[in-house]
Amino acid sequence: MQGLAPRMLGRRIERVELRQPRVLVGEVGRAADFTVAAVRRQGKHILIDLRRGRRTAHLAVHLGMTGQLVLDGEPGRHTHALFLFDDGLRLLYNDIRQFGRLEFCERLPQRFQRLGPDPFHLSEEEFARRFRSRRSMAKALLLDQSFVSGLGNIYADESLFRAGIHPRAIAARLRRARAGGLHRAIVEVLQESILHGGSSISDFVSSDGHRGRFQLLHRVYRRTGQPCAVCGVPIRRILVASRGTHFCPRCQKAG
DNA sequence: ATCTATTCCTGGCTGC
DNA sequence: TGCAGCCAGGAATAGA
């Protein structure tokens, strides 16, 4: 997103080419003739605010697992939309598994109002209060976008590991200090991954498939059977909220 | 409120 | 070497 904004801001969309209807919502072609007024993020959604005279609209993008927004790349077999700007800049939306969505809308859909707060904009106290008011499992809560927005499977597992909290721990049963520690772990993990380029969309240009440095930071995610970096006990994998969940059975406690 | 299962889809992996 | 079968996963949805 940070890579997208400087180049797209103020540019007018001259032409739109659409390939795979499945990932497209609304009449994406109507984005033509609009100018990019802002590029921002809400949870896992990237919002491209558009303006044409007094009219406003949005391109709302959710990358899902394998979606990519690519500037000036070559369109391939997984390119579903192509935006050509007035200065020759080209924006591609690629998505291999088509779990992502690219939507054109005049007003943001309801689901945006249901998005919970960004972890960065929550105080530790507020997070702990919200967290301890819920009776669901810690991992499920972190994945619930109406509780906090922006966390996916990787960062949920990594945050719980750093906080030493078992993914199946009941949120309401954790002591306040532990809930606060979880908020610190979340912010730490997110900041660290951003620092290592994990969230910079323009870095995804490499066609060699999502191999960012952030993978080197993972201490539990997809490390099943490998020794815990802290205590050496093998990392375990279980299902929580129908999601593959990785944790250290010694370092992460339910209490 | 909160749980599970299901659906979408493709590439990567396993095993024969 | 080829190919079938299985699996992951974000979020919406249905049903408990």
Side-chain angles (χ1 to χ4, degrees), chain A residues 1 18-26 41-47 60-70 75-81 92-103 105 108-119 129-160 166-174 186 189-190 193 198-199 201 204 206-212 214-215 218 220-226 235-247 254:
Chain A
M1 189 186 73
L18 307 172
R19 312 267 164 84
Q20 280 283 355
R22 186 165 281 107
V23 297
L24 307 176
V25 181
R41 176 183 71 79
Q42 259 182 53
K44 299 181 189 175
H45 304 263
I46 296 167
L47 294 178
V61 186
H62 193 306
L63 299 176
M65 294 294 301
T66 52
Q68 307 176 318
L69 283 176
V70 178
R77 64 202 211 92
H78 299 299
T79 300
H80 307 306
L92 307 183
Y93 178 66
N94 299 334
D95 195 346
I96 296 173
R97 293 188 188 173
Q98 301 177 36
F99 270 23
R101 291 292 179 266
L102 191 158
E103 175 169 8
C105 52
L108 289 181
Q110 280 285 312
R111 65 176 181 279
F112 283 88
Q113 290 179 331
R114 291 196 291 267
L115 282 182
D118 196 296
R129 190 189 62 74
R130 284 169 61 87
F131 190 79
R132 301 208 314 142
S133 73
R134 300 286 293 265
R135 280 148 225 72
S136 52
M137 290 182 280
K139 166 83 182 258
L141 253 196
L142 295 190
L143 291 180
D144 180 350
Q145 301 298 300
S146 68
F147 176 69
V148 281
S149 57
L151 286 181
N153 209 30
I154 297 171
Y155 298 131
D157 281 4
E158 294 298 320
S159 301
L160 287 169
H166 194 287
R168 285 199 171 123
I170 300 301
R173 291 201 193 138
L174 287 179
I186 289 168
V189 164
L190 291 178
S193 83
S199 300
I201 277 137
F204 288 178
S206 65
S207 56
D208 113 70
H210 310 289
R211 286 190 175 244
F214 64 94
Q215 284 186 328
H218 296 172
V220 287
Y221 184 75
R222 291 226 172 147
R223 292 178 56 90
T224 312
Q226 296 180 49
I235 298 304
R236 284 189 55 195
R237 182 184 179 280
I238 57 175
L239 274 188
V240 180
S242 307
R243 293 273 176 270
T245 298
H246 314 75
F247 73 105

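So that the names make sense, note that chain A is the first sequence line, chain B the second, and so on, each numbered from 1. All values below were derived from every heavy atom in this structure, side-chain atoms included, with hydrogens, water molecules and symmetry-related copies excluded.
Taking for each of Ile170(A) and Gln20(A) the nucleotide of DNA chain B with the nearest heavy atom, the 5'-most of the two is the partner of Ile170(A).
At a threshold of 4.0 angstrom between heavy atoms, the contacts of Ser136(A) are confined to the sugar-phosphate backbone, with no base atom among them.
In this structure, the CD1 atom of Ile238(A) is 11 Å from the P atom of dT4(B), given to the nearest Å. Per the geometry, CG belonging to Leu24(A) stands 18 Å off P belonging to dC8(B), to the nearest Å. Between the C1' atom of dC8(B) and the CD1 atom of Ile96(A) lies a distance of 16 Å, rounded to the nearest Å. The distance from atom NZ of Lys139(A) to atom P of dT2(B) is 18 Å, rounded to the nearest whole Å. The distance from atom NE2 of His78(A) to atom P of dC8(B) is 19 Å, rounded to the nearest whole Å. Atoms CG (Asn94(A)) and P (dT10(B)) sit 14 Å apart, rounded to a whole Å.
Between Tyr221(A) and His246(A), the angle of the ring planes goes over 60°, which puts this pair in the perpendicular group of the 30/60° scheme. Ring orientation note: the planes of His62(A) and His45(A) are nearly perpendicular, at an angle over 60° on the 30°/60° scale.
For Arg236(A) and Phe247(A), the positive end is not near the middle of the six-membered ring at less than 6.0 Å and at most 45° from its axis.
Note that CG of Leu141(A) is 10.5 Å distant from CZ of Arg135(A), once rounded to the nearest 0.5 Å.
Using a 4.0 Å cut-off, some side-chain N or O of Arg134(A) falls inside it from OP1 or OP2 of dT2(B).
For the residue pair Tyr155(A)/Ser193(A), the side-chain donor-acceptor check at 3.5 Å is satisfied. Under 3.5 Å, the side chains of Thr79(A) and Asn94(A) contain a donor-acceptor pair of N or O atoms.
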> In the 5'-to-3' direction, what one-character label does each nucleotide of nucleotides 9-14 of chain C receive under the scheme B = base within less than 4.0 Å of a protein heavy atom, S = sugar-phosphate only, - = no such atom?
Replying inline: BBBS--

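Listed nucleotides dT10(B), dC8(B), dT4(B) differ in distance to Met137(A); the shortest reach to its side chain belongs to dT4(B).
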